[in-house]
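Before any comments, here is the structure.
In what follows, chains carry the letters A, B, and so on, assigned in the order in which the sequence lines appear, proteins first and then strands, with residues in each chain numbered from 1.
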Number of protein chains: 2
Amino acid sequence: MTFPVGEIVASRRPHRKDAARNFDALLDAAREAFAAHGADASLEDIARRAGVGIGTLYRNFPTRRALFESVYADEVDELCRVADEVAGLEPWEALTTWLRRFTEYMVTKRAVREALNDESEIFQACRESMHGAGGPLFERAQAAGEARKDMDFVDLLRMVAGITATAFDDDAQRDRVLAIALDGVRTTAR
Amino acid sequence: MTFPVGEIVASRRPHRKDAARNFDALLDAAREAFAAHGADASLEDIARRAGVGIGTLYRNFPTRRALFESVYADEVDELCRVADEVAGLEPWEALTTWLRRFTEYMVTKRAVREALNDESEIFQACRESMHGAGGPLFERAQAAGEARKDMDFVDLLRMVAGITATAFDDDAQRDRVLAIALDGVRTTAR
DNA sequence: CTTGAAGCGGAGGTGTGCCTCCGCTAGAGT
DNA sequence: ACTCTAGCGGAGGCACACCTCCGCTTCAAG
């Protein structure tokens, strides 16, 4: 089941044309900055890259946390949408396709984790939302005898998250390593 | 084969008693700080925790990089020693035992990676040294038919490194996930 | 015990990021 | 076209980390 976390962000988007444009530019710049510099990207730098003044950043996102949450919620929303899209594929195929998209999401997630030590409301909602979206894919694979039964969805996400967070020599190596680990998941059901 | 990277650090250790004590305290404090705060741990904070003035830190480690390298080299040295110790165990057992120690080392490594974008001499030496130590363990497991042959030692390290770098709910979960991924490595040789 | 030099520590100058505040700009409703 | 208000931007005060420099301390060799 998909829960529209993204709407939380959408509802904060200003109505005036210029303001809305700035809002979007800030989110984009922030996503990039978090991917590149992690949790301690400079807010002033984000504003600069978005082509707006620092004041505008603070008006839209009063705290550092608010900015993180918005970028994060946006990403989760996209992830839920993908889960719906792959619903028609074969069980194992659907799961791995979704996991591939999940790895991209992890770039943002890592920065958020770093920044938000304690659990915020949105963070909690996103977690639930994501589990609601991806969990069934995994359970379907288990039911089809394609995934081992002595692990749960959280274990799987942690594994994939970890592997894709490291620096690899090239994409080929990352895919190879991920495939090997997934072989462990596929190992005849126990 | 073990290459004594640690001696590079040992050779920099001052001779005077108080100076040597400070040197050690700084390395300890730095290791802790890097583990806790990553690459951007405050040098002033490290000096404070070590109970020395900031000047003393800079005398021993003129640049941020020098401090990172020393902590890192120390850790690698330890890792090489462990590789020798497990040489007597069964192939698979030896490999996994060493990998367990490797996961601890990763905490330091991650901070170093963050800090040292470009490749330094010591960094290179450490990599070689570590491969010299751990590589044979993996090859022995491959030869014994305990590890798949369509991956190399670097792939394995990346996988383990990634998995152990993520935050887990508890140690049990981390061990479980790591075991599953290693099942993928063990999968009947191809 | 004496003494010289190796080593100590932290004050202080510089840079950078955080966040607030307020005079100015430009969109939207009439 | 006019207005009025939501929204803009960036100057500036504060905090903190980096790194240098130099007068004081303490080790250890003779």
For this session: Name the nucleic acid region contacted by A/L43, choosing base, sugar-phosphate or nothing; use a 4.0 angstrom heavy-atom cut-off, strictly under.
Result: sugar-phosphate

Exercise. Of all of residues 16-32 of chain A, which get a heavy atom below 4.0 angstrom from DNA chain C, listed by number?
Worked result: A/R16, A/K17, A/D18

Exercise. Is it true that A/E75 and A/K109 make a salt bridge, defined as a side-chain N closer than 4.0 Å to a carboxylate O?
Worked result: no

Seminar exercise, completed: To the nearest angstrom, the CD1-P distance between B/I46 and D/dC19 comes to 12 Å

Exercise. If two hydrophobic side chains count as joined below 4.5 Å and joins carry through other members, does B/V154 share a cluster with B/M106?
Worked result: no

Problem set entry | Between C/dG23 (C1') and A/R59 (CZ): distance, integer Å | 13 Å

Exercise. Rounded to the nearest Å, what distance is computed from the CZ atom of residue B/F61 to the P atom of nucleotide C/dG7?
Worked result: 13 Å

Exercise. Between atom CD1 in A/I54 and atom C1' in D/dG13, what is the gap in whole Å?
Worked result: 15 Å

Seminar exercise, completed: note: B/E44, atom CD; C/dG13, atom C1'; distance rounded to Å ~ 13 Å

Exercise. Can B/D170 and B/R174 be counted as an ion pair, charged N to O under 4.0 angstrom?
Worked result: no

Exercise. Do A/R176 and B/D150 sit within salt-bridge range, that is, some charged N less than 4.0 Å from a carboxylate O?
Worked result: no

For this session: Verify the contact: side-chain N or O of A/S42 to OP1 or OP2 of C/dC18, cut-off strictly under 4.0 Å; return yes or no.
Result: yes

For this session: Look at the rings of A/W98 and A/F102 and say which category their plane angle falls in: under 30° parallel, 30 to 60° tilted, over 60° perpendicular.
Result: parallel

Exercise. Does a salt bridge link B/R158 with B/D155, judged by any charged N lying under 4.0 Å from a carboxylate O?
Worked result: no

For this session: For C/dG9, take OP1 and OP2 only and decide whether either is under 4.0 Å from a side-chain N or O of B/T56.
Result: yes

